A.B. asks: 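One structure, as structure tokens, below. Some questions next.
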Amino acid sequence: MLSQQSRPYIDASVPVLREHGLTITKTFYRNMFADRPDLTNLFNMGNQASGAQQQSLASAVFAYAANYDRADVLAPVLDRIVHKHAAVGIKPSHYTIVGRHLLGAIKQVLGDAATPELMAAWDEAYWLLAAELIAAEGRLYERSKAEPDHRLPLRVTERCAQGSEIVSLTLAPVDGTPLPDFQPGQYVSVVVELRPGVFQQRQYSLSDAPNGASWRISVKREAAGEGTPAGVVSNWLHDNAKVGDVLMVSRPYGDFAPALDGKSPIVLLSAGVGITPMISVLNTMARRNPGRPVLFAHAARDRARLAHLDDVADAGKRMASFNAHYFLESLPADSEAPVAGATTHAGRMALPSVLGKQAPADADYYLCGPLPFMQIQRAALLEAGVPAGRVHREVFGPDLLDDIL
């Protein structure tokens with residue numbers, strides 16, 4: 001718990017961080033990478049180039065300063081971060097490096113305003129948070145029976161196009177040993193060597209039911225956008241990963257794990273590549289609990305971008321109560337654009353078209369997709385009377401803290 005002596009300084013930092021947080025984090029990353037260029041292999045340099053990672057860290061520091069005494073708010077977010085850190089391979093020693101450069105950046109940017117008392121308060125606050133994360137990550141590593149550096153060599157045994165933007169890769173151990181189990185909704189880190197000695201890793205949701213023999217990931221080719229570079233790893237995998245190749249992959253992590261048991265309805269809402277964890281949930285439900293009512297709705301720009309249509313259709317055939325809806329932004333009036341066994345709608349996802357006049361009160365709702373999509377659907381669900389505790393979402397990267405900012 002933060003000491004009474006430090007609390008006034010952290011409280012007073014909130015408006016300062018709101019104003020200078022981004023400058024502080026830009027300074028932090030610049031200084032840290034200049035001192036430790038080897039860490040560029042650990043951090044997402046695509047997010048660095050776009051500025052998303054700097055903004056994310058600024059938001060994290062601000063969120064912690066504003067909520068340090070609210071465990072109910074911070075706990076679920078910290079759990080999310082712990083899983084992400086474990087997937088990336090964060091070690092306790094990294095916190096010493098980050099702490100030195102983060103506190104140094106605060107002092108550098110604030111100048112004379114960074115009094116010894118303020119810096120002492122932030123040193124205390126940082127190490128309280130770091131200790132909590134280190135302990136939680138240690139427990140997670142222990143449960144997964146893995147060290148931070150551990151990666152499994154997995155061979156690509158199948159490659160399949162899933163619409164025009166996504167390719168799925170089936171991966172199996174090179175030595176034939178059984179794979180660790182996972183919970184549908186979890187993800188793995190995939191490491192690629194872009195050029196000799198230059199590595200990057202990204203997280204991809206597992207997109208099939210657990211079977212002990214293979215994993216499947218589904219990767220969207222991330223094109224360059226306004227102010228954002230093309231996805232380095234996703235494009236590398238699309239252009240280079242072929243059957244027979246070996247990829248280094250982490251064990252599964254992630255706190256987005258829909259509860260599959262029970263009899264109450266489950267509602268799966270996704271957009272774009274956010275469909276991938278939902279496919280893992282669907283395929284597992286079809287095998288483990290086919291009697292549970294499932295409502296599946298997915299949004300895409302057009303018919304060509306729809307992925308895993310066969311998985312959805314096959315899972316639906318096995319389930320006693322299954323309804324599927326597709327929302328296509330581009331759907332010409334004279335086009336049927338049929339999807340077997342599903343209802344197709346023109347335009348963006350509108351929940352009344354899926355749920356009817358009243359959302360099921362006893363259902364659990366799971367969201368995965370771009371941040372604006374999840375914000376809109378979550379707001380619509382809450383407006384429809386769905387309790388906030390029944391709405392769950394999968395969040396990656398810079399959007400981890402969106403729900404408490």
Side-chain angles (χ1 to χ4, degrees), residues 38-47 53 78-95 133-157 167-194 197-220 222 231-234 236-237 240-241 245-257 273 276-277 279-280 368 394-398 400:
D38 58 301
L39 292 181
T40 58
N41 287 335
L42 189 66
F43 286 80
N44 184 328
M45 299 311 292
N47 284 340
Q53 192 64 57
L78 294 183
D79 191 46
R80 220 177 284 159
I81 292 173
V82 164
H83 278 268
K84 177 65 179 294
H85 281 184
V88 170
I90 296 296
K91 304 175 183 178
S93 59
H94 290 135
Y95 285 92
L133 291 172
I134 289 169
E137 288 154 19
R139 292 191 294 269
L140 187 55
Y141 285 132
E142 185 176 358
R143 289 200 303 271
S144 65
K145 298 180 174 61
E147 298 295 328
D149 288 331
H150 182 71
R151 293 293 182 269
L152 301 166
L154 303 183
R155 193 181 308 280
V156 179
T157 59
V167 62
S168 63
L169 303 174
T170 301
L171 311 170
V174 296
D175 58 2
T177 57
L179 281 170
D181 199 9
F182 67 90
Q183 298 180 67
Q186 291 190 307
Y187 54 81
V188 295
S189 282
V190 178
V191 182
V192 301
E193 187 172 16
L194 301 173
V198 177
F199 297 87
Q200 281 284 275
Q201 58 181 319
R202 297 291 186 272
Q203 290 69 54
Y204 296 104
S205 296
L206 294 158
S207 60
D208 203 354
N211 59 39
S214 65
W215 291 339
R216 186 176 68 179
I217 60 173
S218 298
V219 180
K220 178 187 175 185
E222 297 291 350
V232 174
V233 176
S234 69
W236 190 97
L237 290 169
N240 296 282
D245 288 348
V246 175
L247 299 174
M248 302 305 292
V249 183
S250 77
R251 291 170 182 263
Y253 293 103
D255 65 335
F256 181 77
V273 76
T276 56
I279 296 302
S280 180
C368 189
E394 171 63 304
V395 188
F396 284 101
L400 283 171

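Fair warning: this is a prediction, and the values are worked out from it, not measured in the lab.
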A.B. asks: Can you confirm whether Tyr95 sits close enough to Leu133 that some side-chain heavy atom of one is under 4.5 Å from a side-chain heavy atom of the other?
C.D. replies: yes
A.B. asks: For a quick test of reading the model, state the closest non-hydrogen atom pair linking Phe182 to Ala209 and the distance between them.
C.D. replies: CZ-C, 3.9 Å
A.B. asks: About how many Å separate OG of Ser144 and CG of Asp181, when rounded to the nearest 0.5 Å?
C.D. replies: 13.0 Å
A.B. asks: Less than 4.5 Å apart, any side-chain heavy atom of Tyr204 and any of Ser234?
C.D. replies: yes
A.B. asks: If I compare all heavy atoms of Gly197 with all of Glu193, which pair ends up nearest, and what's the gap?
C.D. replies: N-OE2, 2.9 Å
A.B. asks: Once rounded to the nearest 0.5 Å, what's the spacing between atom CD of Glu137 and atom NZ of Lys84?
C.D. replies: 12.0 Å
A.B. asks: With a 3.5 Å distance limit and no angle check, can you tell me whether Ser250 reaches the backbone of Ser189 through a side-chain donor-acceptor pair?
C.D. replies: yes
A.B. asks: Treating Gln186 as the side-chain partner and Gly254 as the backbone partner, does any N or O pair qualify as donor plus acceptor under 3.5 Å?
C.D. replies: yes
A.B. asks: Does any non-hydrogen side-chain atom of Val156 lie less than 4.5 Å from one of Leu171?
C.D. replies: yes
A.B. asks: Please evaluate residues Val191 and Arg151 with respect to the criterion side-chain contact (heavy atoms from CB on, under 4.5 Å), reporting the C-alpha separation (whole Å), side-chain torsions for both, the decisive distance (0.1 Å), and the verdict.
C.D. replies: CA-CA 9 Å; Val191 182; Arg151 293 293 182 269; 3.7 Å; yes
A.B. asks: Please report the shortest heavy-atom distance between Ala257 and Gln183, naming the atom on each side.
C.D. replies: CB-OE1, 3.4 Å
A.B. asks: Using the rule given for side-chain hydrogen bond (donor to acceptor under 3.5 Å, both in side chains), can you reason through His85 versus Tyr141, listing the C-alpha separation, both sets of side-chain angles and the distance that settles it, and then say yes or no?
C.D. replies: CA-CA 10 Å; His85 281 184; Tyr141 285 132; over 6 Å; no
A.B. asks: For the residue pair Ser207 and Ser218, confirm or rule out a side-chain donor-acceptor distance under 3.5 Å.
C.D. replies: yes
A.B. asks: Going from CD on Glu147 to CZ on Arg251, what distance comes out if it is rounded to the nearest 0.5 angstrom?
C.D. replies: 10.0 Å
A.B. asks: Can you find a pair of side-chain heavy atoms, one from Val192 and one from Gln201, that are under 4.5 Å apart?
C.D. replies: no
A.B. asks: With heavy-atom distances below 4.5 Å as the criterion, would you say the side chains of His83 and Leu140 are in contact?
C.D. replies: yes
A.B. asks: Can you tell me how far the OG atom of Ser205 sits from the CD1 atom of Ile279, to the nearest 0.5 Å?
C.D. replies: 11.5 Å
A.B. asks: Using a 3.5 Å distance criterion without hydrogens, assess whether the side chain of Asn211 forms a donor-acceptor pair with backbone atoms of Ser214.
C.D. replies: yes
A.B. asks: Which atom names give the shortest non-hydrogen contact between Gln203 and Ala87, and what distance separates them?
C.D. replies: CG-CB, 4.4 Å
A.B. asks: Any heavy-atom pair between the side chains of Trp215 and Pro252 that's under 4.5 Å?
C.D. replies: yes
A.B. asks: Hey, what do you get for CD (Glu222) to CG (Leu237), rounding to the nearest 0.5 Å?
C.D. replies: 11.5 Å
A.B. asks: Would you say Gln200's side chain and Phe43's backbone share a donor-acceptor pair under 3.5 angstrom?
C.D. replies: yes
A.B. asks: Do the side chain of His94 and the main chain of Lys91 share a donor and acceptor less than 3.5 angstrom apart?
C.D. replies: yes
A.B. asks: Show your working on side-chain hydrogen bond (donor to acceptor under 3.5 Å, both in side chains) between Thr170 and Arg216 and close with a plain yes or no.
C.D. replies: CA-CA 4 Å; Thr170 301; Arg216 186 176 68 179; 5.3 Å; no
A.B. asks: I'd like to know whether Thr276 forms a side-chain contact (heavy atoms from CB on, under 4.5 Å) with Ile217, so could you lay out the CA-CA distance, the side-chain angles of the two residues, the decisive distance to 0.1 Å, and finally the verdict.
C.D. replies: CA-CA 8 Å; Thr276 56; Ile217 60 173; over 6 Å; no
A.B. asks: Could you state the interatomic distance from CG (Asp245) to CG (Leu247), rounded to the nearest 0.5 Å?
C.D. replies: 7.0 Å
A.B. asks: For a side-chain contact (heavy atoms from CB on, under 4.5 Å) check, start with the C-alpha distance between Val232 and Leu194, then their side-chain angles and the critical distance, and finish with the verdict.
C.D. replies: CA-CA 8 Å; Val232 174; Leu194 301 173; 3.3 Å; yes
A.B. asks: So, do Val190 and Leu154 sit near enough that their side-chain heavy atoms are less than 4.5 Å apart?
C.D. replies: no
A.B. asks: Ala136 and Val82: which non-hydrogen atoms are nearest, and at how many Å?
C.D. replies: CB-CG2, 3.7 Å
A.B. asks: Using side-chain heavy atoms (C-beta onward) and a distance below 4.5 Å, is Val188 in contact with Tyr253?
C.D. replies: no
